[in-house]
Number of protein chains: 2
Amino acid sequence: MSASTKLSTSVKALSLLATHSEQALNSAAIAAQIGGNASKLRRLLSLLSKQNIVAARKGKEGGFVLQKKPDTITLQDIYCAIEDQKAFHLDVHTGSAEDEQQNIRTNNFFIDLFSEIQVEIETKMKEITLQDIIEKTKS
Amino acid sequence: MSASTKLSTSVKALSLLATHSEQALNSAAIAAQIGGNASKLRRLLSLLSKQNIVAARKGKEGGFVLQKKPDTITLQDIYCAIEDQKAFHLDVHTGSAEDEQQNIRTNNFFIDLFSEIQVEIETKMKEITLQDIIEKTKS
DNA sequence: GTATATTGTTGCCAATACAGTAACAAATAG
DNA sequence: CTATTTGTTACTGTATTGGCAACAATATAC
């Protein structure tokens with residue numbers, strides 16, 4: 001699952017939970033609503049629960065509930081919870097180059113550049129809350 | 001090959017060509033210098049030649065030469081030449097959701113967001129020239 | 001004109017990663 | 001105790017990727 005798909009799937013699930021705050025929704029119910037596989041969803045939601053974005057309850061009447069108010073959950077929070085890898089990262093290319101030092105310097109240039117871009121993306125994602133998305137996607 | 005690896009490999013090759021403007025370098029020579037496989041390099045360089053960033057000459061004493069001045073080649077030019085796909089794009093998730101309309105609205109939200117981010121990245125890449133990178137990675 | 005060198009492209013094969021599902025132990029509520 | 005649900009692992013078929021090798025097309029040198 002690509003990072004972008006994980007992110008949008010997570011947001012769909014969290015939006016649904018936000019509108020059903022009175023009861024826990026289990027993975028099968030969420031999957032039916034937003035589409036996709038319950039097992040796959042559980043894998044995502046368990047990551048979100050480790051960051052206390054949702055709470056997971058096992059057993060009868062169990063399922064998932066939102067643990068924070070939607071206007072305190074940012075896209076950045078969600079992204080970090082589900083994805084360990086940076087959005088922009090260099091797969092450093094280490095070949096047996098004659099000028100290995102030049103290779104390293106160029107790699108470092110790109111590592112720095114991608115870090116800068118990463119910061120900009122994170123800044124943007126910090127400014128967007130789940131609440132924002134819910135309002136923008138209201139019918 | 002990931003987009004980031006393609007980009008850094010291309011820059012390494014172009015930097016090398018920039019310092020050998022008097023003669024054409026063939027793919028084997030470039031591969032020896034920067035590391036990696038000659039055949040793979042040719043695939044990248046042929047894409048760059050289609051955008052007239054390098055010129056390719058076949059036959060004896062053939063190879064590749066830079067076709068533009070380093071300070072007129074931007075990272076954005078290179079990226080577009082070698083990668084058709086946007087850096088940030090949503091793999092839209094189309095499941096059989098009960099509320100398909102909500103799904104679509106959420107997907108559209110992310111498509112818009114990623115487009116914005118894409119524009120920012122492109123802006124950044126347009127500001128960086130091959131010349132800049134050569135100077136910054138000088139030993 | 002001929003021989004030679006080089007690109008540009010295709011095909012192949014192994015290795016790796018991924019998607020989707022199923023299965024099941026652990027936990028929990030009633 | 002029983003039923004249910006999470007959390008995780010395992011499995012299986014399918015794409016994707018990487019690295020080469022091969023070769024036709026092409027251009028150059030002589």
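Within the nucleic acid shown, A/R43 comes within 4.0 Å of at least one base atom, counting heavy atoms only. Within 4.0 Å of A/G59, counting heavy atoms only, lies at least one base atom of the nucleic acid. Residue-level contact check: B/S39 touches the bases, meaning some heavy atom is under 4.0 Å from a base atom. Residue B/N26 is classed as a sugar-phosphate contact, given heavy-atom separations below 4.0 Å to backbone atoms only.
The residue among B/K50 and A/R42 whose nearest nucleotide of DNA chain C lies closer to the 5′ end is B/K50.
Applying the side chain to side chain donor-acceptor pair (under 3.5 Å) criterion to B/E135, with sequence neighbours excluded, gives B/Q131.
For CD of A/E120, the number of neighbouring non-hydrogen atoms (other residues, nucleotides, ligands) closer than 6.0 Å is greater than 12.
Within the 4.0 Å cut-off from OP1 or OP2 of C/dT7, not a single side-chain nitrogen or oxygen of B/S46 is found. The phosphate of C/dT7 (OP1 or OP2) has no side-chain N or O of B/S49 nearer than 4.0 angstrom.
Put simply, CD on B/E61 is 12 Å from C1' on D/dA27, counting in whole angstrom units. For B/K6 and D/dT16, the NZ to C1' distance is 13 Å, given to the nearest whole Å. Rounded to a whole Å, the CE atom of A/M1 is 17 Å from the C1' atom of D/dA15. B/I30 has its CD1 atom 12 Å from the C1' atom of C/dT6, to the nearest Å. D/dT4 atom P lies 18 Å from atom CG of A/L25, rounded to whole Å. Rounded to whole Å, the distance from CG on A/L41 to P on D/dT8 is 15 Å. Per the geometry, NZ belonging to B/K58 stands 10 Å off P belonging to D/dA25, to the nearest Å. Between the CD atom of B/E83 and the C1' atom of D/dT17 there is a distance of 14 Å, rounded to whole Å.
Counting only N and O atoms by type, the side chains of B/Q102 and A/T137 include a donor and acceptor under 3.5 Å apart.
A/L130 pairs in a side chain to side chain contact (heavy atoms under 4.5 Å, CB included) with only one of the listed residues (A/L66, A/T74, A/I53, A/D71), which is A/L66.
Across C/dT21, D/dG19, C/dG8, the shortest atom-to-atom separation from the side chain of B/K40 is found for D/dG19. The B/K60 side chain lies nearest to C/dA5 when the options are D/dG19, C/dA5, D/dG7.
Here ring-ring contact (aromatic ring centres under 6.0 Å, His included) pairs that include residues 111-139 of chain A, with residues two or more places apart or in two chains, are A/F88-A/F114, A/F110-A/F114.
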